[in-house]
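Both ligands and their constituent atoms are indexed starting at 1 by order of listing.
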Amino acid sequence: MTSFKETSSEKLKVTKIIFVIGGPGSGKGSQCEKMMEKYGFTHLSTGNLLRKEISNETERGNKIKKIMLEGGLVPLGTTLEILKDAMLENLQETKGFMIDGYPRTLKQAEAFDKSFTLPTVVLLIDCSPEVMKERLINRGQTSERFDDNEVTIAKRVESYFVDSVPVVKHYDAKGLLKKIQGEGTEDDVFQSITAIIDEL
Ligand code: AP5
């Protein structure tokens, strides 16, 4: 069977792929919205794609919800498949993809590199656990996200700091990692990001 990489390799070569990684509440989603507006890139958030699957109320969706409620990671096969479908759907029209919330583990990074291509750049939005928790607890007062409760937030933050270390090392070793200070205002953070994107 022909792989996604083979059938789409020419288009993938000219498509910018920007990974936006960082802990829960570091501002990945907010910054991707701004980049989408300024650069016209397609924003793909694995969290949003998984929530969409949950809203379909399928058996797979129910399993995903249980994992997300526990602050755990959805299995690699499921996440990669959902991401692949979303990329395929947008590939011919897009100017580039901002992939938010993927990869979260070294295995996810390696699977993406193998199935698709290396990213153009990896933006790491750096934030302390205290700031991230505070932002999410605040958001939890009005958001409808079932994982914005104190217990789940603590688990999400904790697992981020364990899982992300090898991912960061992996892309740093390839010269693709750009670390961004995530604790300024949204506009400050965006300014640091545009300085990087404008050079791509
Ligand atoms: P996901 O939906 O990706 O959530 P997350 O990583 O926990 O991040 P958030 O969306 O909560 O925060 P964010 O960094 O996007 O910040 P935001 O801009 O929203 O994932 C949810 C779950 O899905 C995971 O726990 C996991 O179970 C599963 N999942 C997802 N991807 C997966 C994968 N690859 N593999 C396996 N499982 C996966 O901002 C947060 C708040 O802060 C907002 O209120 C915002 O207004 C505010 N804010 C943002 N920036 C600033 C700023 N500079 N100053 C002040 N406030 C700010």
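The closest non-hydrogen atom to atom 4 (O) of ligand 1, taken over Lys28, Glu186, Arg145, comes from Arg145. Remark: among candidates Glu183, Arg139, Arg135, the nearest residue to atom 52 (C) of ligand 1 is Arg135, based on non-hydrogen atoms. Comparing heavy-atom distances from atom 7 (O) of ligand 1 across Arg156, Gln181, Lys65 singles out Arg156 as nearest. For atom 17 (P) of ligand 1, the nearest non-hydrogen atom from the set Ser26, Ser30, Cys127 belongs to Ser30. Residue Arg104 holds the heavy atom nearest to atom 1 (P) of ligand 1 of all those in Lys34, Arg104, Met68. Taking each of Asp147, Asn138, Thr46, Val20 in turn, the one with a heavy atom nearest to atom 21 (C) of ligand 1 proves to be Asp147.
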Steps toward side chain to side chain donor-acceptor pair (under 3.5 Å) verdict (Asn48, Arg51): CA-CA 5 Å; Asn48 287 346; Arg51 279 185 284 277; 2.8 Å; yes
Derivation of the salt bridge (Lys or Arg N to Asp or Glu O under 4.0 Å) call for Asp163 and Lys107: CA-CA 10 Å; Asp163 297 331; Lys107 279 208 164 104; over 6 Å; no
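Among all non-hydrogen protein atoms, the one lying nearest atom 35 (N) of ligand 1 is Gln108 NE2, 2.7 Å. Taking atom 15 (O) of ligand 1 as the reference point, the nearest protein heavy-atom neighbour is Gly29 N, 2.9 Å. Scanning the protein for heavy atoms near atom 37 (N) of ligand 1, the closest one is Val74 N, 3.1 Å.
In this structure, the side chains of Leu76 and Phe112 stay at 4.5 Å or more apart for every pair of heavy atoms. Looking at heavy atoms from C-beta onward, His170 lies out of side-chain contact with Pro103 at the 4.5 angstrom threshold. With contacts defined as side-chain heavy-atom distances shorter than 4.5 Å, the pair Met68/Ile54 qualifies. The shortest side-chain heavy-atom distance between Lys34 and Ile193 does not fall under the 4.5 Å cut-off. Counting only heavy atoms from C-beta outward, the side chains of Phe116 and Leu80 approach each other to under 4.5 Å. At a threshold of 4.5 Å between non-hydrogen side-chain atoms, the residues Asp85 and Glu81 count as touching. Counting only heavy atoms from C-beta outward, the side chains of Arg104 and Tyr160 never approach each other to under 4.5 Å.
Judged by the shortest distance from any of its heavy atoms, Gly23 lies inside the 4.0 Å radius around the atoms of ligand 1. Not a single heavy atom of Gly22 sits under 4.0 Å from any atom of ligand 1. Using a non-hydrogen distance threshold of 4.0 Å, Gly72 registers as a contact of ligand 1. The closest approach between any non-hydrogen atom of Arg51 and ligand 1 is below 4.0 Å. For Gly184, the heavy-atom gap to ligand 1 drops under 4.0 angstrom. Within the structure, ligand 1 has Gly25 among the residues with a heavy atom less than 4.0 angstrom away.
Checked options Leu123, Val20, Asp188; the residue passing with Ile180 is Leu123 (criterion: side chain to side chain contact (heavy atoms under 4.5 Å, CB included)).
Counting heavy atoms under 4.0 Å from ligand 1, residue Ile67 does not touch it at all.
In terms of polar-atom proximity, defined here as any N/O pair under 3.5 Å, Val189 makes no such contact with ligand 1. An N or O contact shorter than 3.5 Å is missing between Leu50 and ligand 1 by distance. Between Gly27 and ligand 1, an N or O atom pair is found at a separation short of 3.5 Å.
Taking every heavy atom of Leu73 and a limit of under 4.0 angstrom, the matching atoms of ligand 1 come to 36 (C), 37 (N). Under a 4.0 Å criterion applied to the non-hydrogen atoms of Thr79, ligand 1 contributes the atoms 33 (C), 34 (N), 35 (N), 36 (C). Those atoms of ligand 1 with a heavy atom of Thr185 less than 4.0 angstrom away are 53 (N).
Annotation: cation-pi geometry satisfied between Lys65 and Phe146 (NZ/CZ under 6.0 angstrom from ring centroid, within 45° of ring axis).
Looking only at atom types and distance, the side chain of Ser143 has a donor-acceptor partner in the side chain of Asp148 under 3.5 Å away. A side-chain N or O of Ser128 and one of Glu183 form a donor-acceptor pair less than 3.5 Å apart.
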